[in-house]
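Everything on this sheet refers to the single structure shown next.
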Number of protein chains: 2
Amino acid sequence: MTRPTIDDIARRAGVSKSAVSFALNGRPGVSPATRDRILAVASEMNWRPHKAARALSGARSDAVGLVVARPAQTIGAEPFFGLLLAGLQAGLSARSIALHLMIVEDTAAEIEVYRRWTSERHVDGFVLVDLQHRDKRVPVLEELGVPAVVIGGPGGHGTLPSLWADDREAMLSLVDYLAALGHRRIAHVAGDEAFHHTRRRIRALKDASRRLHLVDAVSVPTDFSDAQGASATRALLSSPNRPSALIFDSDVMAVAGLAVAAEMGVAVPAGLSVVSFEDSLLTRIVHPAITALGRDTFALGGQVAAMLLAAIDEPGSVRDVQGATPRLTVRESTRAPYTEQEA
Amino acid sequence: MTRPTIDDIARRAGVSKSAVSFALNGRPGVSPATRDRILAVASEMNWRPHKAARALSGARSDAVGLVVARPAQTIGAEPFFGLLLAGLQAGLSARSIALHLMIVEDTAAEIEVYRRWTSERHVDGFVLVDLQHRDKRVPVLEELGVPAVVIGGPGGHGTLPSLWADDREAMLSLVDYLAALGHRRIAHVAGDEAFHHTRRRIRALKDASRRLHLVDAVSVPTDFSDAQGASATRALLSSPNRPSALIFDSDVMAVAGLAVAAEMGVAVPAGLSVVSFEDSLLTRIVHPAITALGRDTFALGGQVAAMLLAAIDEPGSVRDVQGATPRLTVRESTRAPYTEQEA
DNA sequence: CCGTTTCACTAGAGCGGTTTAGTAAAACTC
DNA sequence: GAGTTTTACTAAACCGCTCTAGTGAAACGG
């Protein structure tokens with residue numbers, strides 16, 4: 001048997017197609033008695049709306065898009081991405097909105113997908129991640145006039161609403177903590193300078209370092225990969241004026257850095273304190289467990305979902321929102337630095 | 001200006017709607033000259049098909065579904081999932097098929113999504129992961145008659161085609177390797193017994209142990225979490241007859257186990273060899289790097305995508321396929337066990 | 001040169017919904 | 001109780017595309 005259409009329901013209930021449509025959508029124009037009868041027939045016949053048919057009549061497609069331009073490896077590796085995905089999902093599925101995921105090669109391909117999906121009416125809105133300096137995707141989405149929410153900022157995302165984290169404040173608090181422990185030589189294994197947040201963190205470290213009179217607060221940019229994280233760590237630990245504390249911009253790099261320290265015979269935390277700017281399972285399961293600045297990525301996904309749904313319902317109504325301030329979870333990888341006596 | 005429809009193109013090119021449709025879909029019925037002219041007009045007007053309209057006329061929805069019933073944490077944590085996703089994407093996007101992702105609470109919800117998406121014509125097919133013993137999803141998908149490909153098996157997936165790995169063979173090779181190094185006391189931190197592959201691995205270990213006359217080849221089932229992986233390791237390492245080698249069913253548990261060993265002062269690999277049944281970034285970046293059985297999860301995703309597309313194109317044409325046999329990458333976490341002299 | 005086949009193209013009926021315009025009856029006005 | 005408004009419902013257009021049936025002209029066959 002083929003799936004029932006509203007026509008079948010209409011026939012069975014002895015009313016017109018339109019009456020069925022009204023009843024099923026909770027619209028006025030049918031009496032309560034008729035409405036109940038229609039609903040009963042519909043559920044008896046196990047009717048479900050045909051998404052495409054609805055979308056064709058100008059309605060929503062009930063889906064949002066997430067397009068990511070990253071190498072496959074990164075997507076598998078970073079817990080951030082999976083958690084964000086799960087959080088988005090949770091926020092969307094409550095209103096049974098689907099998530100269309102697309103993983104592409106580069107930003108050009110990403111923009112092409114935005115264009116295509118918009119004109120095909122494939123999705124009702126987009127979530128934009130990995131905000132970059134002078135991001136080319138922003139003007140395109142603005143031009144397309146499609147609802148979109150940016151994760152990142154503040155600044156650099158034009159008129160699109162964003163959910164942003166105060167990376168500057170986070171970095172300052174991190175440095176304050178390490179300085180309070182007595183660290184004077186702090187180094188930073190940073191991410192990719194193409195990203196806004198990386199730049200902000202680097203700048204914040206510089207400022208804090210000046211304010212607290214730290215020695216050599218150097219930031220080494222990387223591409224976020226474990227390989228570059230490891231080699232940056234190796235270089236820093238080999239320098240004559242070896243830092244006593246390292247700040248890593250990602251959990252993956254922090255773990256890689258930890259391995260380098262072990263390999264070089266540098267004890268953590270006795271000889272080196274390690275802090276990660278990102279928290280996850282990774283930082284928890286290694287030994288020693290890594291002190292990390294944690295934000296609830298799952299919750300973040302949910303928040304973005306809510307913002308995007310609002311932007312779809314009422315374009316222009318959504319404004320920038322500052323996400324929860326990340327909190328430091330102290331674990332086993334940080335302590336006061338070596339003193340001469342100990343050494 | 002509103003987006004162009006085939007009617008606009010028809011008017012501009014001076015032909016009928018149908019001629020445009022034929023031309024755009026590469027169907028016979030138009031002369032080469034007319035076809036070229038229509039295509040030129042279409043691209044000039046920047047026309048794109050309206051997905052919903054196409055889908056409504058009985059065509060495909062050009063999307064496949066992946067529904068996962070797992071806690072959010074797991075999805076973020078396991079590289080497997082992200083890599084699979086990326087691989088699937090790569091395989092699908094070549095034919096510009098979208099991936100609809102849905103993360104749900106439990107199997108009941110998952111089945112509900114299968115029902116809904118099928119009757120809504122939301123997707124053309126499904127990918128089924130985490131195959132369980134007596135899996136309830138299989139008969140539902142069979143009943144719905146929707147194309148689907150299972151990752152897992154062999155066996156237990158009814159008439160649905162599956163891409164399966166030979167877990168038994170893999171476990172045997174692993175045990176052979178450890179036995180060749182001289183290990184006699186091998187223990188296994190297993191996954192969830194609800195999963196088919198976990199059961200097969202446990203059975204294989206038992207068989208190998210009997211064949212090789214190993215002592216105490218015990219398997220401890222867990223829920224795949226780092227916490228249970230850690231406590232299983234703790235228990236095994238505390239037993240009077242401590243194993244000299246541990247096999248972990250997942251990378252996350254292997255890393256957690258490594259941390260427990262460090263915490264208990266058990267040196268790896270000197271005092272304990274560690275092997276992971278799954279390879280990923282995780283096993284590579286920790287210290288010591290973990291010897292692991294690796295399969296190319298990204299490629300696996302691509303293979304599944306290809307199978308599903310074939311199943312959609314020609315239902316019933318796709319048969320079970322055995323995936324590539326995982327290969328052992330030896331790293332720093334394995335060596336011959338302690339001998340009495342060394343101890 | 002007439003009948004048949006092929007070709008290039010058009011008209012128009014769906015696909016499964018939504019929505020507007022219209023209608024008959026019931027319910028209010030005063 | 002005639003006129004107006006409201007209510008409950010129907011008919012049919014419409015969304016953008018696909019595809020079948022049909023048409024007129026050109027090409028072919030003998």
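Note that this is a predicted model, so its numbers are computed, not measured. Letters A, B, ... mirror the listed sequences (proteins, then strands); counts begin at 1.
- When atom types are taken as modelled, the side chain of A:S162 and the backbone of A:G152 share a donor-acceptor pair closer than 3.5 angstrom.
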| task | Go through A:L128 and A:Y114 one step at a time and tell me if the side-chain contact (heavy atoms from CB on, under 4.5 Å) criterion holds. | result | CA-CA 10 Å; A:L128 199 65; A:Y114 289 142; 3.0 Å; yes
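- Heavy atoms of A:T5 sit under 4.0 angstrom from primed sugar atoms or phosphate atoms, though from no base atom.
- Listed by chain and residue number, nothing satisfies the side chain to side chain contact (heavy atoms under 4.5 Å, CB included) test with B:D36 (two or more places apart in sequence, or in another chain).
- First and last contacting nucleotides of DNA chain C toward chain B (any atom under 4.0 angstrom from a heavy atom, 5' to 3' order): C:dA8 to C:dG16.
- No contact: A:R121 has no heavy atom under 4.0 Å from any strand.
- Between the axis at the start and the axis at the end of the helix from C:dC1-D:dG30 to C:dC30-D:dG1 there is an angle of 30°, using five pairs per end and rounding to 10 degrees.
- Sorted by first and then second residue, the salt bridge (Lys or Arg N to Asp or Glu O under 4.0 Å) pairs with a member in residues 121-134 of chain B read B:R70-B:D130; sequence neighbours excluded.
- First and last contacting nucleotides of DNA chain D toward chain B (any atom under 4.0 angstrom from a heavy atom, 5' to 3' order): D:dG16 to D:dT20.
- Distance CD/A:E142 to NE2/A:H157: 10.0 Å, rounded to 0.5 Å.
- For the 3.5 Å distance criterion, the side chains of B:N46 and A:R115 fail to qualify, holding no donor opposite an acceptor.
- For DNA chain D, the residues of residues 23-36 of chain A within the heavy-atom distance limit of 4.0 Å (strictly under) are A:G29, A:V30, A:S31, A:T34, sorted by number.
- Aromatic ring pairs are classed by plane angle as parallel below 30°, tilted from 30° to 60° and perpendicular above 60°; the pair A:H100 and A:W117 is perpendicular.
- Considering every non-hydrogen atom in both B:S61 and B:V123, the closest pair reads OG-CA, 3.3 Å.
- Nearest heavy-atom pair, B:L84 versus B:T297, reported as atom, atom and distance to 0.1 Å: N-CG2, 3.7 Å.
- Using a distance-only test at 3.5 Å, with no hydrogens or angles considered, no donor-acceptor pair links the side chain of B:D313 to the main chain of B:A310.
- No engagement by B:V20 is indicated, since no non-hydrogen atom pair under 4.0 Å with the nucleic acid exists.
- Heavy atoms from other residues, nucleotides or ligands lying under 6.0 Å from CD of A:E105 number 12 at most.
- Closest of all the heavy-atom pairs between B:V68 and B:E110 is C-OE1, 4.5 Å.
- In this structure, B:N25 contributes its side chain and B:R27 its backbone to no donor-acceptor pair below 3.5 Å.
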